[in-house]
Amino acid sequence: ASIPLHSVNLSLPRTIFQLSSVSVPASEDPEPGWQRPRFYSIAKPMSIELPKQYDPHEAQQRWLTFWDEHGFFHSRPEPGRTPYCIVIPPPNVTGALHMGHALNNTLQDVLIRWRRMQGYNTLWMPGTDHAGIATQAVVERRLRVEEGKTRHDLGREELVKRIWQWKDQYEARILRQLREMGCSCDWARTRFTLDPVCARAVRVTFFKMFRDGLIYRGKRLVNWDTQLQTAVADDEIFHETVKGAFYTFRYPVKGTNEFIRFATTRPETMLGDTAVAVHPDDPRYQHLIGKTAIIPLVNREIPIIADAQLVDPTLGTGAVKVTPAHDPNDYQCGLRHRLPMINILNPDGTINENGGPYAGLDRYVARGRVTEDMEKLGLFDGREDRDIDLAHSDRSKTPIEPYLSDQWFVKMADLAQAAMDAVIDGRVKFFPERYAKTYLDWLGEKRDWCISRQLWWGHRIPIWYAYCPEAELKRAFAGRDDVVWRLDEENTRWLICALEDLPPDALGPKYPLEQDPDVLDTWFSSALWPHSTLGWPGPALPDQEPGPANPDWQQMRYYYPTSVLVTSRDIITLWVARMVITGLYNVGEVPFHHVYIHPKILDAFGETMSKTKGNGIDPLDIIERYGADALRFGMVHIATETQDSRMPVSNVCPHCGTLVPVKREHMYMQTRKVTCPSCKKPFRPGGPWPDEDPDLPTAKQASERFEIGRNFANKLWNAARFLLMNLEGYAPGALRVEELPIEDRWILSRLATATAAITEQLEGYHFSDVARTIYDFTWSEFCDWYVEMSKGRLRDPAGRAAAQRVLVGVLDAILRLVHPVMPFAAESIWQALNEAAFERGLPVPEPSAESVVIAPWPAFPAAWTDLAVEQRIARMQDLVRAVREVRSRYDLKTSVDVFVRCGETVADDFRALAAFITLLAGVGRLECGPNVQKPPQSATHVHPDFEAYVSLRGLIDVDAEAKRLEKQLAEKRKHLQGAQAKLENPNFREKAPAEVVQQQRDLVADLQNQIRAIEANLRELRQA
RNA sequence: GGGCGCUUAGCUCAGUUGGCUAGAGCACCAGCUCGACACGCUGGGGGUCAUAGGUUCAAGUCCUAUAGCGCCCACCA
């Protein structure tokens, strides 16, 4: 078999491709979708030429296919190899991915690609989340907007069908986005939180918890969304200040002439009052405690109670009406005092039959009516306008009503403690560490977790209700260990939990079963993600240890616990904590060893990006404009320890391409139309528009933050291009580092240092440093200095061979180092290098891996780091920069003569590097040594190790030169003054470490010498 | 109200355990098409490190307070 040429084609001229022989071992791999890596050997070295600019799109297309075909991303358990596993935080299928996802997934891919190169058996598990309420709300909104229908018009089955269609569309889009970003996920394993494998895990977990008494049903106060008619979680609400009022009323106190005054923002809740509370120590109300008040509108008698927790005597009147069914604090108070709880609302927000004459009215209408009626009774003491911070539903944007309803809960006390212990004893470590506090604080509250949602989209609660004698259950489910039952709180109804769905007639026609209509909180299935995606629990029942015969269990045992979870801080409580809980509960082990929390991306105004605000960017826009490598580099560059990062966004004018910065008023879909300041044509700003606009073209978005990555990819490309143009005659061969010339030892020293640093930075999740280190080494050291120095050597037959080997070897290392961050650019160059220099590497060349994806991660001997050599090159760089500065100042186009007065050792060094100095600084004659004299008209540069004179015969501007020297002199004197003052301080000499004091002494001596030298030069200049 | 961060050049950010004259990219100014790269090269200008105290021989770095910004949690009869 042979690989067709086009699969490794590089869009280079055909003729330069001379693949000699290509062979693929016969594949007997049984697993579908997996292909054994292919091997081929490569042709003879020759110089080849790349296009002038890196074309990211071509690279993306080519290498995505190439990687897929080779199955590099697929992982299977291999007992001899250490696994490295990450499960993706599954994106919601509510919509497309945004920048936060781009960041999150880039960082995961960097880790996965790096560890893969290190030889780990890496698995990155991809997938998406059904995102219960969020997805249903999106689809319901569309239904309302486009068809004017509610979910009830459609019915449960039809709505769920519609949501599945939505899911299919967005899941595909999300997976495409991930793929185009270069994420090296094991795509064959892609999961969805509602697919059968995950559903099985949910069912088994629920069953276990119910059986263990950890799941219960009870009446609790929840956040009720009256539009979606469901409970929503605390984290699904937001607070918004609205105009409201503070109403003051009086209730008569029974058997007295007294009244008790109180204030409320929600007068209609008087219908549900079951007490009035005062502070037990409040002298104003001592005599009323224990008496009875009357609610006139419904003629209910309610007690006046003392409650120190509910009442703050310094606020308002000091007396509080208590509505346990419609206020969280009152609810707690109601529990403490065993008050009745009267629910006055229907699910749609109208008053129910408990509201007597007000039944059927909307709650806001009732509010007015109640107030009027109280006024008629003379019990209304006025209202005061006030801004009220009101809870709203995230999904429907309507005000939340606290509402008493039946819900399912998980008891958290023991589960939470186990999860806390795992972090306290270090089985799970947070990076940065401080986030452990968020986790521990939240779990420490041990609040029971409400897991039921009155929705249609999600995992149905596996509970069936029946009214019957228990004997019926025992008979019907005899011998079955997959069905358990318990009586509800009122002891009237059986709650039956089953691993498999029960038919309605399971108990016979006399006792029909009815399944709970609710679904589970979406986080219930997300909480199982690390083990459910790996196949837990397999076909076995929870009590049976599955054993070696179960392949799913074997697989889970291999990859679980996973290595690291990469996520953002806002779901530490919602998700991270719950994964630890269920992991410990189901598997008995933590789900991951590390949790890395990355920063958030903000817009230009410091606000988080969100779809609602419309300040987000589609990663595909960035990929289209700058390339996937640039997107990834930008993301890695941004990922610092502490700091959220601002990302100013621009709209790209669809007519003329001008970048128009996004302003505040463009957000929240407020501005439908923007006029381009350059071409004056209108367009619609890019963003979260729900539909197309046929008349107005929509702008793509851009951000200059990605230019750095695009430029870097191009720089790397061109460095490679230069090399490939100069590889004629390249012959691989071993190098003895200690025998190499100084410039080679320098770049190898720098390379060894950079490589070690990057490895360490990756280990510590210091992503931003990784980007910086690889960028600086590649650009400022390799390209700016080493490549420039190599130009002379490549022309010199004596030096050419070694220079080629070192250049190729260093570039090879750079490609490996950069690959986790910029895989497409790295692969493009890697493949080109494979054509021209298949055997390469330092110090001993080896045949190259067929892809940089599987090339070994580099590591170099610590002995290569040579600080003395680095110092010598740094001195040369100082000399070169000094000469360049003079040339630039005098605008010199021709070469200059340079005279350097220095010690013999330094002079030897400069002589050895003379070729580079003349090349890099444009020097004609270079003289150095202790006896070198300053030429009459020259510019001076004073350095601790030398004095350099640039001859300016006939060109010198004496005044300007003197002025410059004086400025320098002033700076040095000021610095000297500071340094001397420090040294003269006896406390400093005594208390500071000896080496610091010595450093200071050396500095003073240096400065004094330099000042003397500058003074001397100034004198000479003036005399001349 | 509680907690966690942040405030360094016009902009976006680095700055390890306190220790030589605080760095980068972009933007700005000047010059460069010289055979890798104008998505480039060379040189340059630009900062009272939010403010006020304190600790220390020494503070951008540690402590306290203040102001502003962001996020999380709780709460507002």
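Lettering of chains follows the sequences in order, A, B, ..., and the numbering in each one begins at 1.
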Engineer: Looking only at atom C1', what distance separates B:C49 and B:G23, rounded to whole Å?
Structural biologist: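 These two C1' atoms come out 12 Å apart once rounded.
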
Engineer: If the condition is salt bridge (charged side-chain N to carboxylate O under 4.0 Å, His left out), which residues does A:Asp1006 pass it with, not counting sequence neighbours?
Structural biologist: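 Partners of A:Asp1006 by the salt bridge (charged side-chain N to carboxylate O under 4.0 Å, His left out) criterion come out as none, since no residue qualifies.
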
Engineer: Check ring-ring contact (aromatic ring centres under 6.0 Å, His included) between A:Phe430 and all other residues, then give those that pass, not counting sequence neighbours.
Structural biologist: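 A:Phe430: ring-ring contact (aromatic ring centres under 6.0 Å, His included) contacts with A:Tyr439.
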
Engineer: Once you apply a heavy-atom cut-off of 4.0 Å, does A:Thr573 come out as touching a base, just sugar-phosphate, or nothing?
Structural biologist: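 If one applies the 4.0 Å heavy-atom cut-off, A:Thr573 turns out to touch nothing in the nucleic acid.
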
Engineer: Tell me, which stems hold RNA chain B, with a stem being 3 or more Watson-Crick or G-U pairs in a row and both distances under 3.5 Å?
Structural biologist: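 In RNA chain B, stems of three or more pairs: B:1-7 with B:67-73, B:10-13 with B:23-26, B:28-32 with B:40-44, B:50-54 with B:62-66.
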
Engineer: Nearest whole Å is fine: how far is B:C72 P from A:Leu574 CG?
Structural biologist: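 A:Leu574 atom CG is separated from B:C72 atom P by 10 Å.
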
Engineer: Counting any heavy atom closer than 4.0 Å, what does A:Thr265 reach on the DNA or RNA strands: base, sugar-phosphate only, or nothing?
Structural biologist: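 Sugar-phosphate, no base atom in range.
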
Engineer: Please tabulate, for the side chains in residues 967-989 of chain A, all donor-acceptor contacts under 3.5 angstrom to protein atoms that are two or more places apart in sequence or on a different chain.
Structural biologist:
| from | atom 1 | to | atom 2 | distance (Å) |
| --- | --- | --- | --- | --- |
| A:Lys972 | NZ | A:Gln1010 | OE1 | 2.8 |
| A:Arg973 | NH2 | A:Glu1015 | OE2 | 2.5 |
| A:Asn985 | OD1 | A:Asn987 | N | 2.8 |
| A:Arg989 | NH1 | A:Leu983 | O | 2.8 |
| A:Arg989 | NH1 | A:Glu984 | O | 3.3 |

Engineer: Which sits closer to the 5' end of RNA chain B, A:Arg646 or A:Asp891, going by the nucleotide each is nearest to?
Structural biologist: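 Nearer the 5' end of the strand: A:Arg646.
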
Engineer: What's the CD1-C1' distance between A:Ile829 and B:C37, to the nearest Å?
Structural biologist: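 Spelled out: CD1 on A:Ile829 to C1' on B:C37 is 12 Å.
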
Engineer: Does A:Trp779 make a side-chain N or O approach to OP1 or OP2 of B:C41 shorter than 4.0 Å?
Structural biologist: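 Yes, because at least one side-chain N or O of A:Trp779 sits under 4.0 Å from OP1 or OP2 of B:C41.
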
Engineer: Do A:Glu445 side-chain and B:A74 base share a donor-acceptor contact under 3.5 Å?
Structural biologist: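 Answer no: no donor N or O sits under 3.5 Å from an acceptor.
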
Engineer: Below 3.5 Å between N/O atoms, which protein atoms pair up with nucleotides 21-30 of chain B? Just atom names and distances, please.
Structural biologist:
| from | atom 1 | to | atom 2 | distance (Å) |
| --- | --- | --- | --- | --- |
| B:U21 | OP1 | A:His975 | NE2 | 2.7 |

Engineer: Is there, by distance only and without an angle test, a donor paired with an acceptor across the side chain of A:Glu990 and the base of B:C57 below 3.5 Å?
Structural biologist: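 Flag unset: no donor-acceptor pair detected.
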
Engineer: Say you pick atom C1' in B:A22 and the same atom in B:A14; how far apart are they, in whole Å?
Structural biologist: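 Here B:A22 and B:A14 have their C1' atoms 11 Å from each other.
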
Engineer: With a 4.0 Å cut-off on heavy atoms, is A:Arg881 in touch with a base, just the backbone sugar-phosphate, or nothing at all?
Structural biologist: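 Answer is sugar-phosphate: A:Arg881 comes under 4.0 Å of backbone atoms only.
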
Engineer: Is it the case that B:C37 (base atoms only) and A:Lys715 (side chain only) share a donor and an acceptor within less than 3.5 Å, ignoring hydrogens and angles?
Structural biologist: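 Side chain to base: pair present.
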
Engineer: Kindly say whether, by distance alone, the side chain of A:Lys52 makes a donor-acceptor pair under 3.5 Å with the base of B:A38?
Structural biologist: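 In this structure, the two groups form no donor-acceptor pair.
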
Engineer: What integer number of Å spans the C1' atoms of B:A50 and B:G43?
Structural biologist: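 Comparing C1' positions in B:A50 and B:G43 gives a spacing of 34 Å.
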
Engineer: Answer yes or no for A:Lys791 and A:Phe722: cation-pi contact, defined as NZ/CZ to six-membered ring centre under 6.0 Å and angle to ring axis within 45°.
Structural biologist: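 The answer is yes, since A:Lys791 meets both limits relative to A:Phe722.
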
Engineer: Rounded to the nearest Å, what distance is computed from the CZ atom of residue A:Arg721 to the P atom of nucleotide B:G35?
Structural biologist: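 Between P of B:G35 and CZ of A:Arg721: 12 Å.
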
Engineer: Quick one: do A:Phe431 and A:His766 satisfy side chain to side chain contact (heavy atoms under 4.5 Å, CB included)? Show the steps, please.
Structural biologist: CA-CA 10 Å; A:Phe431 296 80; A:His766 299 296; over 6 Å; no

Engineer: With sugar-phosphate meaning primed atoms plus P, OP1 and OP2, does A:Glu984 contact a base, only sugar-phosphate, or nothing at under 4.0 Å between heavy atoms?
Structural biologist: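 If one applies the 4.0 Å heavy-atom cut-off, A:Glu984 turns out to touch nothing in the nucleic acid.
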
Engineer: So, does A:Gln804 use its side chain to make a donor-acceptor pair with the main chain of A:Glu728 at under 3.5 Å?
Structural biologist: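 Yes.
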
Engineer: Does a nitrogen or oxygen in the side chain of A:Ser768 sit under 4.0 Å from OP1 or OP2 of B:A14?
Structural biologist: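 Looking at the OP1 and OP2 atoms of B:A14, neither is under 4.0 Å from any side-chain N or O of A:Ser768.
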
Engineer: With the criterion being N/O to N/O and under 3.5 Å, what pairs connect the protein with nucleotides 3-9 of chain B, and how long is each?
Structural biologist:
| from | atom 1 | to | atom 2 | distance (Å) |
| --- | --- | --- | --- | --- |
| B:G5 | O2' | A:Thr642 | O | 3.4 |
| B:C6 | O3' | A:Gln643 | OE1 | 3.0 |

Engineer: Within this structure, what is the CG-to-P distance between A:Asp327 and B:C75, rounded to whole angstrom?
Structural biologist: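 These atoms are roughly 10 Å apart.
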
Engineer: Which nucleotide sits closest to the side chain of A:Lys893: B:G31, B:U42, B:C37?
Structural biologist: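 The answer is B:G31.
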
